[in-house]
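For reference, the structure is listed below as structure tokens.
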Amino acid sequence: MLDLKFVRSHLDQVKDMLKARDYELDMSHFEEVDAKRRTLITRLEDLRHRRNTVSQEIAKLKKEGKDASDLILEMKEVSAQIKTLEKEADQYDEELNQLLMVIPNIPDASVPVGKDETDNTVVRMWGEKKQMDFEPLPHWEIGENLGILDFACAAKLAGARFALYRGLGAKLERALINFMLDIHTKEHGYLEILPPFMVNRACMTGTGQLPKFEEDLFKIEGWDYFLIPTAEVPVTNIHREEILDEERLPISYVSYTPCFRSEAGSYGKDTRGLIRQHQFNKVELVKFSKPNESWEQLEILTRNAEEILRRLELHYRVVCLCTGDLGFSAAKTYDLEVWLPGQGLYREISSCSNFTDFQARRAGIRFKKKGTKGTELVHTLNGSGLAVGRTLVAILENYQQADGSVVVPEALRQYMGGVEKITGPTQS
RNA sequence: GGAGAGAUGGCCGAGCUGGCUGAAGGCGCUCGCCUGCUAAGCGAGUGUGGGUCGAAAGAUCCACCGAGGGUUCGAAUCCCUCUCUCUCCGCCA
């Protein structure tokens, strides 16, 4: 959510910036609601002030044993007025809030202006496409041939967009999770968090999934609980409605969780394989930073995520999302795209964003500078470090051999009990 | 699921027979004094959000004692609903 005062005083600027992300702001409506709300508040507070002072007079009169019935009668009237005005003010409050809640974040000046993903710019590349002297297969064929992935069985158990891992397939997924967590905690200084996989509505609103994107979420019937679409939600909300000490910043958390997404609106897209699932595993990096450090922290966080791909020796590129492709809450986002030879394309495997104070304002995450009064909003950042399922996809496709087996990347072997090559669900 | 207790400021903890209580007292913290240094001691200050005025410093007003509603001229204090925490019983991974 943007700052009301900022929007009010920079209406044209806000409108222009949002146009770059294809969002139309109804200025006149905004101004009208805002103005009405403010005059109401003024009137209300005048009345409340009067009620407070007169009530004290009444108390004094009664103490002295004098009659106060005239004043009481008058205050009865004032109180009734206050009550109706409060109801009215609440309505404008809500209306303004709704206007504000659906406005996306303002892109940083460094973000390229563009319409869609074709306007994203490649920031850097690492490694190169693996040369293969055979026709590389897509991962679903590799996995099914080896008997380590079973989509048919998952469909029987749940439905479309689920996967069942077998034997070394399951172990590889687990190895990746541990591998990523170890690097981020031991080498990059993140604190590991294992949060609830369901959260309440306040959390979803805090990080921006609600109210706008409820259809993307799985809701628990009969409860006001949602399955988390990413660890970002519970982990960012750890500090919701808190005032942090300046010295604690930046705070860096890493969290493995499964993620649940309805994928409403993506029917027919990526229907095969592990790419787009209702449930997938992810190791997420989350940072809370002082405003003047957040851009530096975004670079660090992105590098931390990249490090996983480098250790696994997977070719990737870093892309800066253009204004039109930017997510709702983000001011700037780098996508890490890994090369998938089986499909012959680069595929997003991590998305690292600086949300500036956008989430912090909604979630009420502030910090206090020593020696100064007042509080400031922190900046929140997060990024996948990495999407585990897609990393497994990248390994299958990049490390596949002509005979259908898959070599285990060097860095991962200690997590695989020394297995160097996968030839089936169990070690041969 | 059954029975009970509770939720107050950064923390501890009063208030809860309704009226100068944004909230005693203590701890912590900040600044000043004292001290050769440390400790102790003394003095002052120390919540958040918002409105109005002001260039600013600031002044002033309003709201907030788990959340929401109600009673009342007036609610931290009374009533109702909900949430959470704790204790006991039952059930259970």
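Note on naming: letters A, B, ... go to the chains in the order of the sequence lines (proteins, then strands), and numbering restarts at 1 for each one. Small disclaimer: the values here were computed from a predicted structure and weren't measured.
Geometrically, A/Lys36 does not engage A/Tyr92 in a cation-pi contact defined by less than 6.0 Å to the ring centre and at most 45° from the axis.
Proximity note for A/Ile243 (side chain, C-beta onward) versus B/C73, B/G51, B/U48: the nearest is B/U48. Distance from the side chain of A/Met75 is smallest to B/C73 among B/C73, B/U71, B/G51.
Look at CD on A/Glu241: it is 18 Å from P on B/C84, rounded to the nearest Å. Summarising the geometry, the separation between CG on A/Asp245 and C1' on B/G47 is reported as 14 Å, rounded to the nearest angstrom. Between A/Glu45 atom CD and B/U52 atom C1' the separation is 8 Å, expressed in whole Å.
Between A/His49 and the phosphate of B/C62, there is a side-chain N or O to OP1/OP2 separation shorter than 4.0 Å. Contact between the side-chain N/O atoms of A/Thr42 and the OP1/OP2 oxygens of B/G50 is not found at any separation under 4.0 Å. Within the structure, a side-chain polar atom (N or O) of A/Ser79 is placed less than 4.0 Å from OP1 or OP2 of B/G74.
Of all non-hydrogen atoms in A/Phe197 and A/Tyr256, the two that sit nearest each other are CE2-O, 4.4 Å.
A heavy atom lying under 4.0 Å from RNA chain B marks the following residues of residues 50-57 of chain A, by number: A/Arg51, A/Asn52, A/Ser55.
Taken to the nearest 0.5 Å, the CD atom of A/Glu247 stands 11.0 Å off from the CZ atom of A/Phe367.
The environment of CD in A/Glu94 is sparse: at most 12 heavy-atom neighbours from other residues, nucleotides or ligands sit within 6.0 Å.
Nucleic acid contact for A/Ile58: base, since at least one base atom lies under 4.0 Å from a heavy atom of the residue. A/Lys60 comes within 4.0 angstrom of no nucleic acid atom, judged by non-hydrogen atoms across all strands.
Between the side chains of A/Asp325 and A/Asn120, at least one donor N or O sits under 3.5 Å from an acceptor N or O.
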